[in-house]
Amino acid sequence: MTTATSDQGSAPAQATDAAPADDHVILLAEDGSRIGHTPRATVHGLDTPLHLAFSCYLLREDGQVLLTRRALAKRTWPGVWTNSFCGHPRFGEEMTDAIRRHAAHELGLEVSGIEMVLPDFRYRAVDASGVVENEICPVFFATTTQDCEPNPDEVMDLAWTSMQDLGTAITATPWAFSPWMVSQLNQLGEIDLGAERR
């Protein structure tokens, strides 16, 4: 058994290969190999261990992409606009199944056409309160034909927009959006945050 440091004032996150409880994250070594899992409630803190996640961008038939504003109760980046939804796969769960599960839980809808577009995306970021995100986080596109029924514990607002308008907004005000979305879109080539500095 190994131990991963959690936030101050709570018990350390224990990484183990035993059968986990439902709400957990998969812990990773620096090379991306899986080294165990730990309860999700203990993983995000001032020294968050590297763990597995995903980001998904939800598209409609008209090509518009869904943006969501994170609920104020979220532990990391509350109230910040970001991609459609994110999440953590569970022990033994396929990533596509995790995406479908989170789409239903956060947005109340079904998705199809799941496509991985950034398989090796990784980031570390610190929010204003000092809480760290530290994830290997492959990025996916998916589609839906259904209306959103957002879970208020996860999403406080949402908007459909074009990729072009999203790129314009992020180029003008990158600080208003989640750092992972800014980095992901830059890598995807939808925007170039360095254009105005050249």
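We're numbering straight along the sequence, starting at 1. Please read these numbers as outputs of a predicted model, since none were measured by experiment.
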With rounding to the nearest 0.5 angstrom, report the OG to CD1 distance, Ser183 to Ile170.
10.5 Å
Calculate, to the nearest 0.5 Å, the distance between atoms CZ and CZ belonging to Arg90 and Arg40 respectively.
9.0 Å
Distance, nearest 0.5 Å, that separates CG of Asn83 from CG of Leu66
9.5 Å
Check ion pair Glu93-Arg101 (N to O, under 4.0 angstrom):
yes
When rounded to the nearest 0.5 Å, the distance separating CG of Leu118 from CG of Leu188 is 4.0 Å
Is any side-chain heavy atom of Glu135 closer than 4.5 Å to one of Thr48?
no
Thr68 and Ser84 side chains, donor-acceptor separation under 3.5 Å:
no
Value for CD (Glu115) from OG1 (Thr143), rounded to nearest 0.5 Å, stands at 10.0 Å
Are the side chains of His51 and Glu133 in touch, meaning some heavy atoms are under 4.5 Å apart?
yes
Taking atom types as modelled, is there a side-chain donor on Glu110 or Thr144 under 3.5 Å from an acceptor on the other?
no
Contacts of Asp62 that satisfy side-chain hydrogen bond (donor to acceptor under 3.5 Å, both in side chains) - sequence neighbours left out
Arg60
Please check if Ile136 and Val126 belong to a single hydrophobic cluster, counting links between Ile, Leu, Val, Met, Phe, Trp and Tyr side chain heavy atoms closer than 4.5 Å.
no
For Arg69, the salt bridge (Lys or Arg N to Asp or Glu O under 4.0 Å) test, sequence neighbours excluded, returns none
Ignoring hydrogens and geometry, is there a side-chain-to-backbone donor-acceptor pair from Thr173 to Ala176 under 3.5 Å?
no
Between Phe85 and His102, is the ring centroid distance below 6.0 Å?
no
Lys74/Glu154 under salt bridge (charged side-chain N to carboxylate O under 4.0 Å, His left out): CA gap, chis, key distance, verdict:
CA-CA 7 Å; Lys74 298 286 281 185; Glu154 302 286 346; 2.6 Å; yes
Taking the side chain as C-beta and beyond, is there a heavy-atom pair between Leu52 and Pro89 under 4.5 Å?
yes
His44 vs His88 aromatic rings, parallel, tilted or perpendicular, using cut-offs 30° and 60°?
tilted
Closest non-hydrogen contact found for Ile114 with Ala142 is CG1-CB, 4.0 Å
Measure the spacing between OG1 of Thr42 and NE2 of His24 and express it to the nearest 0.5 Å.
11.5 Å
What about Leu58 and Val65, same hydrophobic cluster or not, with Ile/Leu/Val/Met/Phe/Trp/Tyr joined at side-chain heavy-atom distances under 4.5 Å?
no
So which heavy atom on Leu109 is nearest to which on Val111, and how close?
CD1-CG1, 3.8 Å
Ring pair (Phe, Tyr, Trp, His ring centres under 6.0 Å): which pairs involve residues 159-180, sequence neighbours left out?
Trp77-Trp180, Tyr123-Trp180
Name the one of Val132, Asn134, Val43 that satisfies side-chain contact (heavy atoms from CB on, under 4.5 Å) with Pro49?
Val43
Evaluate the criterion side chain to side chain contact (heavy atoms under 4.5 Å, CB included) for residue pair Arg70 and Met156; output intermediate values, then yes/no.
CA-CA 6 Å; Arg70 293 167 65 83; Met156 65 181 297; over 6 Å; no
Might you point out which heavy atoms bring Ala159 and Trp81 nearest each other, and give the distance in Å?
N-CZ3, 4.0 Å
